Trainee: 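Mind looking over this structure? Questions follow.
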Amino acid sequence: MLKIMNIIPEEIKNLEPYKSAREDFNKKGLLFLDANENPCGERYNRYPDPLQHKLKNQLSKTTGTPAEKLFLGNGSDEIIDLVIRTFCRPGIDNLITIEPSYGMYEVLASINRVETKKVPLNKNFQLVPDELLSEVDDKTKLIILCSPNNPSGNLLKFSDIEKILQSFTGIILLDEAYIEFSGSEGFKGKITEYPNLILMRTLSKAWGMAGIRLGYAMCDPEIVQILSKVKYPYNINSITQKKAMQVLKKPQRKQKTVKHINKEKQKVVKILRDLNCIEKIYSSDANFILVKTKNYRDIIHFLKERGIIIRDRSNLKHCEDCVRITIGTKSQNNKLLKQMKQFEKLKT
Ligand SMILES: *Cc1c(COP(=O)(O)O)cnc(C)c1O
């Protein structure tokens with residue numbers, strides 16, 4: 001059995017964490033004169049719960065994952081940064097990720113002076129597990145995967161991800177930011193089987209809460225404890241904790257928007273597919289589509305002139321001439337489709 005303690009750098013293992021003032025946070029009726037807060041302030045004068053007990057209990061109910069297996073971050077981005085900082089030593093260790101994928105993995109690795117090895121997906125944007133595993137060396141501490149992948153939009157094959165889980169003895173961070181749109185359970189059921197798996201999700205996409213900045217990881221409690229030691233004591237602010245509590249109590253609302261967006265996605269794909277300026281639309285398990293065009297520069301420019309912004313992804317691996325389009329509301333999508341038909345009429 002893999003031991004997490006064996007893959008943590010010594011400096012982190014020996015780290016004596018900052019003891020936040022509020023150890024007895026959950027106890028009611030105490031007089032708190034320990035944290036130099038201003039007693040005259042109103043509502044938000046107190047520091048938030050550093051370990052977010054209430055919010056984790058709610059998230060546990062919503063996700064069915066025990067609270068001790070949950071770690072919360074100021075967006076998934078904070079979790080990615082923490083995982084890199086915790087498990088990779090600057091200037092020594094490296095991580096492996098896939099290409100094309102989410103740009104923040106490499107940015108955060110670079111900021112932390114950790115080398116990124118990028119292994120291309122195949123032309124169908126699927127893993128080639130043997131190729132990826134052949135890049136592992138004795139300084140590889142972390143593999144970052146993304147499923148459904150951004151910008152390609154597809155789920156990675158389960159059997160390929162499992163192959164990597166079975167072979168790699170470092171940490172595997174699996175980013176499932178878009179999993180709710182896929183209809184798949186993802187790897188939630190696998191965190192007990194693989195103690196080195198960190199599954200990451202967010203309130204930014206399906207939950208529609210990008211503004212409150214809340215991401216969460218599901219993983220072995222031992223990893224939760226280590227990440228909790230490394231994070232800023234008050235990384236999730238009171239307003240976010242409060243708002244997230246409300247939102248997580250209403251998963252039906254999330255389900256409804258996911259359904260709506262998926263239905264809209266089908267419609268957008270069906271109409272765009274018939275346009276001459278569109279070469280190909282990749283099948284998507286997320287709330288966006290990757291579209292191969294005949295003239296991406298003209299399309300981006302044309303739409304921009306008409307107040308519609310889409311994302312140029314043409315410089316990424318296997319994404320030549322591609323743009324990424326987020327699925328909006330019905331009326332937003334109709335605006336996009338109207339302008340795309342207009343483009344077709346005028347430019348072809
Ligand atoms: C949008 C996105 C996230 C979410 O990031 P947050 O910091 O939680 O908003 C994470 N991973 C990928 C691949 C994304 O596209």
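Just so we're clear, the structure is a prediction, and the values are computed from it rather than from any experiment. Numbering of ligands and ligand atoms starts at 1, following listing order.
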Trainee: Suppose I only count heavy atoms of Ser204 and a 4.0 Å limit; which atoms of ligand 1 are within that range?
Mentor: 6 (P), 8 (O), 9 (O)
Trainee: What is the closest protein heavy atom to atom 15 (O) of ligand 1, and at what distance does it sit?
Mentor: Tyr178 OH, 2.6 Å
Trainee: Go through Lys294 and Glu279 one step at a time and tell me if the side-chain contact (heavy atoms from CB on, under 4.5 Å) criterion holds.
Mentor: CA-CA 6 Å; Lys294 293 205 176 112; Glu279 183 88 27; 3.5 Å; yes
Trainee: With side-chain contact (heavy atoms from CB on, under 4.5 Å) as the criterion, how do Leu290 and Cys319 come out once you've worked through the C-alpha distance, each side chain's angles and the decisive distance to 0.1 Å?
Mentor: CA-CA 8 Å; Leu290 185 69; Cys319 297; 4.1 Å; yes
Trainee: Using the rule that Ile, Leu, Val, Met, Phe, Trp and Tyr join whenever any side-chain heavy atoms are under 4.5 Å apart, tell me whether Tyr194 and Leu127 fall into a single cluster.
Mentor: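 They do share one cluster, since a chain of ILVMFWY contacts under 4.5 Å joins Tyr194 to Leu127.
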Trainee: Side chain, backbone, both or neither: which part of Asp175 comes within less than 4.0 Å of ligand 1 when only heavy atoms are counted?
Mentor: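 Only the side chain of Asp175 comes within reach of ligand 1.
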Trainee: Can you tell which part of Met200 has a heavy atom less than 4.0 Å from ligand 1: side chain, backbone, both or neither?
Mentor: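 For Met200, no heavy atom sits under 4.0 Å from ligand 1.
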Trainee: Answer yes if Met200 and Ile226 sit in the same cluster of Ile, Leu, Val, Met, Phe, Trp and Tyr residues linked by side chain heavy atoms under 4.5 Å apart, and no otherwise.
Mentor: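 In one cluster: yes.
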Trainee: Among protein heavy atoms, which lies nearest atom 7 (O) of ligand 1, and at what distance?
Mentor: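 Protein heavy atom with the smallest distance to atom 7 (O) of ligand 1: Arg213 NH2, 2.6 Å.
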Trainee: For ligand 1, does Lys205 get within less than 4.0 Å through its side chain, its backbone, both, or neither, judged by non-hydrogen atoms?
Mentor: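 Side chain only; the backbone of Lys205 stays clear of ligand 1.
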Trainee: Give the contacting part of Ser76 toward ligand 1: side chain, backbone, both or neither, where contact means a heavy-atom distance below 4.0 Å.
Mentor: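 It is both backbone and side chain that touch ligand 1.
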Trainee: Strictly by salt bridge (Lys or Arg N to Asp or Glu O under 4.0 Å), give each pair with a member in residues 239-265 just once, sequence neighbours left out.
Mentor: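 Passing the test, one end in residues 239-265: Glu264-Lys267.
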Trainee: With respect to Asn150, determine whether any N or O atom, backbone or side chain, lies less than 3.5 Å from an N or O atom of ligand 1.
Mentor: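 There is such a contact, yes.
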Trainee: Tell me, please: is Glu78 in heavy-atom contact with ligand 1, that is, under 4.0 Å?
Mentor: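 No, that is not the case, since the closest heavy atom of the residue is not under 4.0 Å from the ligand.
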Trainee: Among Asp93, Thr86, Thr169, find the residue that satisfies the side chain to side chain donor-acceptor pair (under 3.5 Å) test when tested with Lys141.
Mentor: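 When side chain to side chain donor-acceptor pair (under 3.5 Å) is applied between Lys141 and each of Asp93, Thr86, Thr169, only Asp93 qualifies.
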Trainee: Between ligand 1 and Cys146, can you find any atom pair, the residue atom being a heavy atom, that is separated by under 4.0 Å?
Mentor: yes
Trainee: Taking the six-membered ring for Trp and the full ring for Phe, Tyr or His, determine whether the centres of Phe187 and Phe158 are under 6.0 Å apart.
Mentor: yes
Trainee: Using a strict cut-off of 4.0 Å, indicate which atoms of ligand 1 neighbour a heavy atom of Asp77.
Mentor: 7 (O)
Trainee: Sort and list the pairs that fulfil ring pair (Phe, Tyr, Trp, His ring centres under 6.0 Å) and have at least one residue in residues 295-315, not counting sequence neighbours.
Mentor: Phe302-Phe343
